[in-house]
Every structure is written in structure tokens, then in C-alpha cells.
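Worksheet: one structure, shown below.
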Protein chains: 2
Amino acid sequence: MNNRSVGIKDVAAAAGVSVTTVSHVLNDVAYARVGVETRERVHEAAQRLGYGPNRVARALRTQRSGMIGFISEEIATTPHAGRIILGAEEAARARGYNLMIINSTSTGTDDSRESDVADLLDRQVDGILYATMYHRKLAVPKNLATLPSVLVDSEDISHTVSCVIPDEFGGARSAVQTLIDAGHSRIGMINNTDDVPATHARLQAFRETLAAAGLPFHEDLVQSEHSEVPGGYEAALRLLGTDSRPTAVFCYNDRMAMGAYRAAAELGLRIPQDVSFVGFDNQQLIAENLYPALTTVALPHYEMGAWAIENLIDAIEGKTDLALMAHHPTILDCPLVRRDSIAAPRQ
Amino acid sequence: MNNRSVGIKDVAAAAGVSVTTVSHVLNDVAYARVGVETRERVHEAAQRLGYGPNRVARALRTQRSGMIGFISEEIATTPHAGRIILGAEEAARARGYNLMIINSTSTGTDDSRESDVADLLDRQVDGILYATMYHRKLAVPKNLATLPSVLVDSEDISHTVSCVIPDEFGGARSAVQTLIDAGHSRIGMINNTDDVPATHARLQAFRETLAAAGLPFHEDLVQSEHSEVPGGYEAALRLLGTDSRPTAVFCYNDRMAMGAYRAAAELGLRIPQDVSFVGFDNQQLIAENLYPALTTVALPHYEMGAWAIENLIDAIEGKTDLALMAHHPTILDCPLVRRDSIAAPRQ
DNA sequence: GGACGTGGGAGACAGATGAATAACAGGTCA
DNA sequence: TGACCTGTTATTCATCTGTCTCCCACGTCC
């Protein structure tokens with residue numbers, strides 16, 4: 001189909017017109033006046049030869065590469081990256097853009113981060129999507145602001161780059177509310193110990209949602225540990241290993257919930273009959289495969305990737321001004337994914 | 001640092017020489033003779049202005065874009081994609097290349113696959129890496145063979161495109177051998193029902209390894225199911241729910257092992273005291289977090305990504321001929337990752 | 001016969017690279 | 001002493017593949 005080495009010249013020769021005319025016809029240039037019959041000859045020739053415009057040459061002339069740089073931290077270590085890439089890639093392709101991927105390390109120096117951006121700049125990308133693997137506030141490379149760019153899952157300390165983040169608070173609220181709606185009044189939380197926005201927002205939502213329902217908040221029903229499976233296990237042991245245990249637990253993430261499941265099993269507690277759980281992150285490998293399957297809150301990674309690209313392209317094409325959104329992050333919903341880990345408390 | 005809109009012309013003007021001279025100096029062209037003092041002026045000017053060559057213009061002129069197309073199926077659905085991307089990206093960057101990512105669906109038509117490739121061809125990529133998410137034999141898009149390309153984790157039916165795949169057989173052999181070495185003589189296997197190379201190779205390795213150790217093969221100690229957690233659970237119930245149960249089980253993958261863990265727990269069997277397990281895939285989220293942590297075989301996704309890029313670039317730069325390797329796939333090791341799910345059988 | 005409408009082409013241009021060549025100092029030879 | 005050669009240093013010009021801004025040719029109409 002698409003033979004390499006067939007250029008606009010070949011099409012022009014085949015159609016018996018000049019390259020200018022071919023360009024005009026194929027790009028459907030508004031001001032160009034070309035006869036209907038000529039247009040057909042051009043289209044037919046292009047089709048027959050399998051002509052596709054050389055995007056590199058076009059980029060040089062138009063100063064638009066149609067490429068968007070995608071910088072991601074730690075691409076391989078979390079499944080989240082894949083969802084962001086997918087959302088971004090599909091959105092980009094739908095509008096005729098492609099993605100160039102660069103993997104950055106979260107341990108990199110400012111200089112290395114800046115040179116990652118410089119790399120993309122040399123490639124003449126039209127915009128940059130900068131993704132981090134968990135929600136935090138960071139100092140972006142200085143040169144990032146030289147073209148349209150969007151931060152995914154993080155906030156720019158200086159508020160110069162616009163960003164899109166998940167609604168931690170709302171997600172946590174619906175998680176807790178679901179437990180309340182199921183009839184629970186003594187609810188515990190297993191939290192993270194890291195000082196990141198999610199830790200604080202989810203705890204805050206936990207407290208406020210309880211308060212809104214007229215339920216008391218007990219300090220000792222919140223146990224914090226490192227946000228991995230072993231941490232969840234330890235925290236759950238403390239939380240559930242007493243007579244005054246909660247009948248439901250909101251876990252900081254699905255990994256901690258996985259640890260909590262084991263703690264419950266060891267304590268002889270059945271899920272959800274004896275204790276209900278709700279997680280956060282919707283890591284499918286875990287949430288779908290735990291037994292019983294875990295009800296959890298999904299992070300909108302796909303949606304954030306797509307949102308970022310849509311707005312980036314709008315900015316590139318002059319339809320939006322990203323600077324206007326830079327001061328306040330865009331917040332996307334974290335929907336609850338219902339599975340089987342919640343039941344009414346036993347009387 | 002890197003200001004956009006500073007071109008070779010600006011450097012030339014600043015250094016008081018022609019653009020050609022700047023090009024010669026910065027590219028360290030062998031045949032160009034430029035005085036030492038002039039060279040210094042050029043370097044100093046380039047440095048001062050923060051000049052970086054416009055890769056698009058260079059690509060047009062040299063007919064080399066320095067970009068490699070990366071087509072992946074189902075980027076988001078498995079963590080494997082991330083490892084391949086990471087291996088590929090790091091290898092590419094180390095040699096001055098960048099990656100353009102395209103997501104393809106395994107359900108796509110031949111036409112859509114061909115147009116994915118055409119997209120990359122229009123972008124003038126120097127080579128293409130085509131990755132699938134599980135090992136199988138497939139018909140590659142016809143236009144893939146028009147430039148250097150490598151298939152990752154799959155084989156080309158027609159043997160025209162070279163490929164790199166995991167050593168399924170060797171990996172399965174070391175898994176089974178480890179069980180034998182631990183003292184087990186009655187070993188079961190939980191297999192997949194899909195007709196893919198891994199299913200057959202792993203079963204074959206299972207039989208041959210038992211035979212090599214002088215152990216008998218019992219038909220009923222191999223149970224097959226759909227290769228997900230529920231399948232593993234069902235198969236394990238059949239395998240372990242009898243008096244003549246094996247003392248160790250080799251699982252087709254870590255997800256099936258996860259299901260098997262639950263079956264063992266329900267049957268009151270302790271791992272590894274009553275039954276040992278070994279998995280396949282090394283899906284960290286599962287293998288590290290099951291209790292006890294799962295000993296398993298790692299698939300060399302990172303290594304396959306890196307190998308593919310190295311050989312692709314060698315071919316692009318004329319250092320290798322990929323066609324020579326096309327007839328036989330390159331096979332990479334699947335190392336065993338020891339954790340805590342294997343013990344000696346009880347007397 | 002000049003304005004105007006229509007169909008299409010010539011040539012500059014984007015930012016680099018590479019082959020060919022100019023400019024010049026110094027040396028050689030008749 | 002002038003013609004010629006040589007080696008060094010750097011420049012000019014063409015090229016890569018499209019796009020885009022004029023500009024031209026031709027007919028027609030008042």
C-alpha cells in the first residue's frame with residue numbers, strides 16, 4: 001500500500017500537474033482554485049501510488065510536527081502509566097497527532113529532567129505531557145513552560161503549568177459513604193504514612209463524611225503504615241485484633257487492602273460478613289482477584305491522559321489558553337467500582 | 001538553557017562564520033578542515049546561545065530521523081508492556097534514538113494494523129519494534145518488512161521479520177527442576193487451555209524434566225483451565241482435593257497460582273509446608289504480595305525490549321543484517337525468582 | 001482595453017548536510 | 001619574477017520534501 005520513496009513530485013508527474021497543485025488539492029486549501037477534474041486526477045494518482053505526505057518535510061515547513069512529547073516517571077513500575085499512555089495515545093491519534101515517549105526517573109536531577117525536555121524541544125514537539133505516577137506537588141523543569149504543556153497527576157508548585165489530577169477527596173468520600181449506606185457506623189481507616197496530598201485528602205474526606213453522617217470519629221480507628229501489602233497487614237492486625245474493632249474498613253489503596261484481607265483471614269474474620277472493606281486505586285490485578293473481589297475507587301488515569309492531550313492540542317491549535325487554567329488544577333472524578341467486599345454489619 | 005528559535009544561523013552569526021562551518025564543527029565531520037581557533041569560537045557561541053540542532057531539519061536532509069516506531073498491542077492491560085517499553089526506551093536513548101508509540105488492538109483488522117505501520121512510515125521512522133503481549137505466531141503487516149523491524153514476544157509466520165521471544169521451555173524446566181531439587185517426586189501442573197506456544201512448551205518441559213529425573217508422569221496431575229485466577233482456583237481444587245494429591249504444583253502463571261493459593265487455604269493446606277508452588281511470569285504485584293511470596297519464573301520483557309532496539313539500531317546503522325536472523329527467533333532466558341513458596345515435602 | 005475571475009505554476013522557504021570550490025599563504029620551478 | 005602547485009581554511013551551492021505566497025496566462029465582460 002504505502003510505498004516509501006513516493007513523494008509529492010511523483011504524484012504531480014502522474015497527474016500531469018505541478019507539485020503546488022497536488023499540495024493544494026490534497027490539503028484542501030481554501031484559497032486555492034483548482035478545477036474539479038484536476039482534483040480528481042490528483043486524488044486518483046495519489047491513491048494509486050499510495051502516496052502519504054512526508055511528515056518530516058511538512059513539519060519543517062509548517063513548524064508543526066504533529067508530535068506530542070510524553071514524559072513519564074517510572075513507566076514500568078506501576079500499571080497506572082499504561083492507562084495514562086493509552087488515554088493519551090488514543091486521544092492524540094484521533095486528532096492526527098502522535099506521541100513520543102521518554103522515560104524519566106523520579107530520582108533524576110533537575111538537570112536530567114531539563115535535558116529530557118530539551119530532547120523533546122529539539123524534536124520540535126508541539127506540546128508536552130508530563131506524567132508522574134502518584135499525585136504530588138513538584139517543581140517542573142524550567143524549560144517546560146516554553147511550549148504548551150500539561151502535568152498529569154501532579155501539581156506545579158509555581159502554578160505556571162496547568163495540570164489535571166484525580167478527585168482524591170470525592171473518591172474517598174464515596175468510598176466511606178458506601179460503607180455508611182451499607183449500615184456501618186463503626187468504620188476504620190488504614191492510611192498511608194507518606195506526606196503526599198492523597199494521604200491528607202483521603203483522611204480529611206474520611207472525617208468529614210463521618211461527621212456529615214453524624215458519626216463520631218475515633219482516633220484509634222485510623223492506623224497508618226507504609227502503603228504496601230505488608231503495611232496493610234500490620235495496620236489491619238492492630239485495627240481488627242481488638243474487641244472494639246470496626247465493622248468496616250476504608251483502605252488507603254488496594255495493596256494495603258490485600259494485606260488487610262490476610263489479616264482478617266488470620267483473625268478468623270470473614271469478608272464481608274464480619275468485616276467490610278473498600279479500597280482505592282482499582283488495581284485490577286488485585287481488586288478483581290482478591291476473594292471476595294474488592295470494592296474500590298478507580299483513579300481516572302485513562303481520562304487524565306485523554307484530558308491532557310485534548311487540552312494540549314486545543315492550546316496548540318489556538319483554541320484554548322492553557323495559561324488561564326494554570327492556576328487551578330483540573331480535577332477529575334474517581335468513580336466507585338462495586339464488587340463484593342461490602343455487606344451490612346452483623347447485628 | 002535550550003531556547004527555541006535559536007538555529008544554526010544564529011550560531012554562525014555569533015561566531016562570525018558560515019552555517020556550513022558550524023555544522024562541520026559541531027558534527028565533528030572528518031573531512032572538514034577547520035582551524036582550532038575557529039572551532040573554539042563556534043563551540044563557545046553554540047554553548048552560549050543554548051543551541052540544539054533541529055532534529056526535524058536534520059532528518060529531512062540526512063534521511064534519518066533517529067526515531068524508532070514502537071507498536072504495542074494492548075498497552076494498558078498488562079504490566080508487561082511497561083517493561084518492554086522501558087527496556088526499549090533506555091536502549092534507544094543510550095544510542096541517541098527516540099521512541100514513537102502507537103497502541104494497536106489485538107482485535108484490529110489487518111488493514112488497521114497496516115495503517116498503523118504506514119503512519120510510522122510517513123513519520124520516517126528508521127525502524128519498527130512490534131510488540132505483542134503474549135507469545136504467539138502471527139502474520140505481520142506486509143509493509144512492516146519495508147524497513148528494519150523486530151517482533152517482540154511473537155513469531156512471524158512467514159519468517160521474514162526477525163523476532164525475540166522468551167525461553168518458555170527453559171523457564172518451565174527450571175521451575176520444575178527446583179521442585180525436584182527440593183525433594184518432591186509427586187508434582188502436579190496447572191496449565192492453560194489456550195492454544196498458544198507457552199501452553200505446549202511449558203507442558204512439554206514439565207514432562208521432560210520429570211522424565212530426566214526418572215519420575216513418572218501422571219496424566220491426572222495436569223489440570224487445565226482458563227489462565228486467570230478463577231481458573232487456577234478450580235484446577236487446584238481438582239488437583240489438591242484428593243488423597244492422592246501432589247506435594248508440589250507448577251502453575252502456568254502467577255494469576256493461576258493466586259487462585260491455587262486460595263484453593264489450598266480452603267482445603268486447609270499450608271504453603272509451603274503441605275504443598276509447594278511455583279509460578280510463571282513474575283507479576284510482581286502478585287508474586288511479591290501473596291503470602292507466602294511466590295517463587296516464579298520471570299519473563300525477560302525488559303531484556304527483549306532492549307535486545308530488539310539494539311539489533312534494530314545495528315541494522316539501521318548497517319552493522320548487522322536482520323534478514324539473517326529472521327529465520328530463527330532469538331530466545332532469551334527466563335530466570336527463576338526464588339521466594340518463599342517452596343519447601344521440602346513432608347514425610 | 002482595463003478590470004476581473006478562474007485555473008494553475010514558479011520560486012522562496014523551513015533548518016540542516018555534503019560535495020565542490022574559492023581564497024590565500026607559502027613554496028617550487030623555469 | 002611570474003606561472004604553477006599545494007595545503008589549509010572556510011564558503012558557496014545544491015539538496016531533502018513539502019508548503020505557501022505571489023504571479024502569470026487566458027477568457028470574458030462592460
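Bear in mind the structure is a predicted one, so any value in this text is a computation, not a measurement.
In this structure, B:Asp28 places its CG atom 18 Å from P of C:dA16, rounding to the nearest Å. With rounding to whole Å, A:Ile8 atom CD1 is found 12 Å from D:dT17 atom P. A straight line from CG of B:Asn27 to C1' of C:dG15 spans 13 Å, rounded to a whole angstrom. Counting to the nearest Å, the C1' atom of C:dG15 and the CZ atom of A:Arg58 are 18 Å from each other. Straight-line distance from the CZ atom of B:Arg64 to the C1' atom of D:dT17: 18 Å, rounded to whole Å. Computed from coordinates, the A:Leu26 CG to D:dG18 C1' distance equals 11 Å when rounded to whole Å. For A:Gln63 and D:dT19, the CD to P distance is 14 Å, given to the nearest whole Å. Atom CZ of B:Arg55 is separated from atom C1' of C:dA14 by 18 Å (rounded to the nearest Å).
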**OP:** Can you check each nucleotide of nucleotides 5-11 of chain C against protein heavy atoms at under 4.0 Å and return B for base, S for sugar-phosphate only, - for none, in 5' to 3' order?
**Re:** -BBBBBB
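Of the candidates C:dG15, D:dG18, D:dT17, C:dG15 carries the atom nearest the A:Leu60 side chain, counting heavy atoms from C-beta on. When distances run from any side-chain atom of A:Tyr51 to the nucleotides C:dA16, D:dG18, D:dT21, the shortest one goes to D:dG18. Side chain of A:Ser23, nearest nucleotide from C:dG15, D:dG18, D:dT19: D:dT19.
Note on B:Arg83 versus B:Glu303: no salt bridge recorded, every NZ/NE/NH1/NH2 to OD/OE distance being 4.0 Å or above.
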Original post:
Stepwise, does the side chain to side chain contact (heavy atoms under 4.5 Å, CB included) test hold for A:Arg123 with B:Val56?
Top reply: CA-CA 6 Å; A:Arg123 287 279 187 195; B:Val56 170; 5.9 Å; no
Subject >> Worked verdict on B:Arg136 versus B:Glu155 for salt bridge (Lys or Arg N to Asp or Glu O under 4.0 Å) >> reply: CA-CA 6 Å; B:Arg136 67 184 193 277; B:Glu155 295 174 64; over 6 Å; no
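No hydrogens or angles considered: a donor-acceptor pair under 3.5 Å links the side chains of B:Glu90 and B:Tyr302. Counting only N and O atoms by type, the side chains of B:Thr21 and B:Ser18 include a donor and acceptor under 3.5 Å apart. When only modelled atom types and interatomic distance are considered, B:Asp156 and B:Thr160 share a side-chain donor-acceptor pair under 3.5 Å. A:Asn143 and A:Arg113 form no side-chain donor-acceptor contact under 3.5 Å, judged by distance and modelled atom types alone.
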Atom pairs under 3.5 Å: protein N/O with N/O of nucleotides 23-26 of chain C:
none

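Remark: A:Asn54 is not in phosphate contact with D:dC16, judged by side-chain N or O atoms under 4.0 Å from OP1 or OP2. Here B:Tyr31 does not reach the OP1 or OP2 of C:dA20: none of its side-chain N or O atoms lies under 4.0 Å away.
The residue among A:Ala57 and A:Val29 whose nearest nucleotide of DNA chain D lies closer to the 5′ end is A:Ala57.
Every residue was checked against the ring pair (Phe, Tyr, Trp, His ring centres under 6.0 Å) condition with A:His328, not counting sequence neighbours, and none meets it.
For A:Tyr134, the OH atom sits in a loose shell: 12 or fewer heavy atoms of surrounding residues, nucleotides or ligands are nearer than 6.0 Å.
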